[in-house]
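Residue numbers count from 1 along this sequence.
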Amino acid sequence: MTPWNQVAAYLRLPDPRPIGEIDEDIRAELAFHLEMRAQDNVRAGMSLDEARADALRRFGDFDRIRRTCRRIQMGDRIMLQRIQAALTAVLLVAVVVLGVLVYRMQTAQETQNARLLASLEQIAQRPAVEVVAAPDAGPVVLETTPVTGAKDVDPSLDEIRVVFSKTMMDQSWSFSTSEDEFPETTGEPRYLADGRTCVLPVKLEPGKTYGIWLNSNKFGNFKDAGGRSAEPYLLKFTTRR
């Protein structure tokens, strides 16, 4: 038997009949005992009236005894009713408290989500921060096409582009790497009109990994207009098959 079944069995009313029916049974039971005594008296030689009067005198106060029996019979029932009422009240309070806690948790979560969403929207609405190199520092690579680390580059891409943070010295560049990682070139490098974007025409093969150093420890011909070498940058990507 499960704990819940045990509790249910304990709380089950000892006598589920209506109170009036129980009271009538008690009255009938007591009347039966009086009648049995009266009959004993009749058999002992008393008249019927004398027998009944004697039986009632010996039995005692009928109504008081009936009320006592009724109180004993109904005592457990009243106690269990009170226990059930108390447990019901406790259960209702627990349900209300749990409901309030769940509501507060949901409200707090919704508020937190709304704040997070508002923060993300504010971040998305902020203007892009332009990276400006310090005047005395060398240029740095801001952007490449394809991006470094890409694993699914279209092999039909016919040029590699590198965008620097400063205007660069024309006709000066350093593309270097091992021979098997360097792409086949189809023309000379050049800078676009902005002076910051260098373009290298290439012919790529499918399913191959390329690695190109833009400046390195040995070569530093990517320079700004003032002659300062750019920071070395490794552009590495793989074309799809």
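- At least one side-chain heavy atom of K236 sits less than 4.5 Å from a side-chain heavy atom of E181.
- Rounding to the nearest 0.5 Å gives a distance of 7.0 Å between OG of S165 and CZ of R196.
- More than 12 heavy-atom neighbours from other residues, nucleotides or ligands sit within 6.0 angstrom of CZ on R43.
- In this structure the side chain of I212 reaches within 4.5 angstrom of the side chain of P183, judged on heavy atoms.
- Two residues are said to be in side-chain contact when any heavy atoms from C-beta on lie closer than 4.5 Å; V42 and R52 fail this criterion.
- L142 and I160 are members of different hydrophobic clusters when ILVMFWY side chains are connected at heavy-atom separations under 4.5 Å.
- A 4.5 Å side-chain heavy-atom check between P155 and R240 finds at least one atom pair inside the cut-off.
- A 6.0 Å sphere centred on CE of M105 holds no more than 12 heavy atoms belonging to other residues, nucleotides or ligands.
- Once rounded to the nearest 0.5 Å, the distance linking CD of E110 with CG of L117 reads 13.0 Å.
- If you take CG on L204 and CD on E159, they are separated by 11.0 Å, rounding to the nearest 0.5 Å.
- Between the side chain of S229 and the backbone N or O of K223, no donor-acceptor pair lies under 3.5 Å.
- Counting non-hydrogen atoms of neighbouring residues, nucleotides and ligands closer than 6.0 angstrom, the CZ atom of F219 reaches no more than 12 such neighbours.
- For the pair W213 and L234, the minimum side-chain heavy-atom distance is below 4.5 Å.
- Between C198 and P189, the shortest heavy-atom distance links the atoms SG-CB, 4.4 Å.
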(message) Using the rule given for side chain to side chain donor-acceptor pair (under 3.5 Å), can you reason through S156 versus D154, listing the C-alpha separation, both sets of side-chain angles and the distance that settles it, and then say yes or no?
(response) CA-CA 5 Å; S156 65; D154 187 350; 2.9 Å; yes
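- Without hydrogens or angle criteria, K166 side chain to A137 main chain gives a donor-acceptor distance under 3.5 Å.
- Surrounding CZ of R241 are at most 12 heavy atoms belonging to other residues, nucleotides or ligands under 6.0 Å away.
- With T145 contributing its side chain and R161 its backbone, the two residues share no donor-acceptor pair below 3.5 Å.
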(request) Test salt bridge (charged side-chain N to carboxylate O under 4.0 Å, His left out) on R190 and E188 and set out the steps. (result) CA-CA 6 Å; R190 70 182 189 280; E188 293 294 323; over 6 Å; no
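- With sequence neighbours left out, the ring-ring contact (aromatic ring centres under 6.0 Å, His included) criterion links F222 to F164, F175.
- In this structure, the separation between CE on M169 and CG on D224 is 7.0 Å, given to the nearest 0.5 Å.
- The neighbour count for N217 CG, taken as heavy atoms of other residues, nucleotides or ligands under 6.0 Å away, does not exceed 12.
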(message) V153 vs T238, test: side-chain contact (heavy atoms from CB on, under 4.5 Å). Steps then yes/no.
(response) CA-CA 6 Å; V153 175; T238 302; over 6 Å; no
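- The CG atom of D54 lies 10.5 Å from the CG atom of D40; values are rounded to the nearest 0.5 Å.
- Residues satisfying the side-chain hydrogen bond (donor to acceptor under 3.5 Å, both in side chains) test with E231, not counting sequence neighbours, are none.
- For N215 (side chain) and N221 (main-chain N/O), a donor-acceptor pair under 3.5 Å exists by modelled atom type.
- Interatomic distance, M46 CE to Q39 CD, rounded to the nearest 0.5 Å: 14.0 Å.
- With hydrogens and angles ignored, the 3.5 Å screen pairs a side-chain donor or acceptor of N41 with a backbone N or O of A51.
- Both V93 and L101 belong to a single network of hydrophobic side chains, linked directly or stepwise wherever heavy atoms of I, L, V, M, F, W or Y lie under 4.5 Å apart.
- Annotation: side chain of L34 is in contact with side chain of L56 (closest heavy-atom distance under 4.5 Å).
- Counting all heavy atoms, side chain and backbone alike, P139 lies closest to R228 at CD-O, 3.3 Å.
- Partners of Y210 according to the ring-ring contact (aromatic ring centres under 6.0 Å, His included) rule, which considers only residues two or more places apart in sequence or in another chain, are F237.
- The cluster map of Ile, Leu, Val, Met, Phe, Trp and Tyr, joined by side-chain heavy atoms under 4.5 Å apart, puts V162 and L157 in the same cluster.
- The same ILVMFWY cluster, assembled from side-chain heavy atoms under 4.5 Å apart, contains both Y191 and L235.
- A single hydrophobic cluster is not seen to contain both L214 and V199; linkage of ILVMFWY side chains at heavy-atom distances under 4.5 Å, directly or through other members, places them apart.
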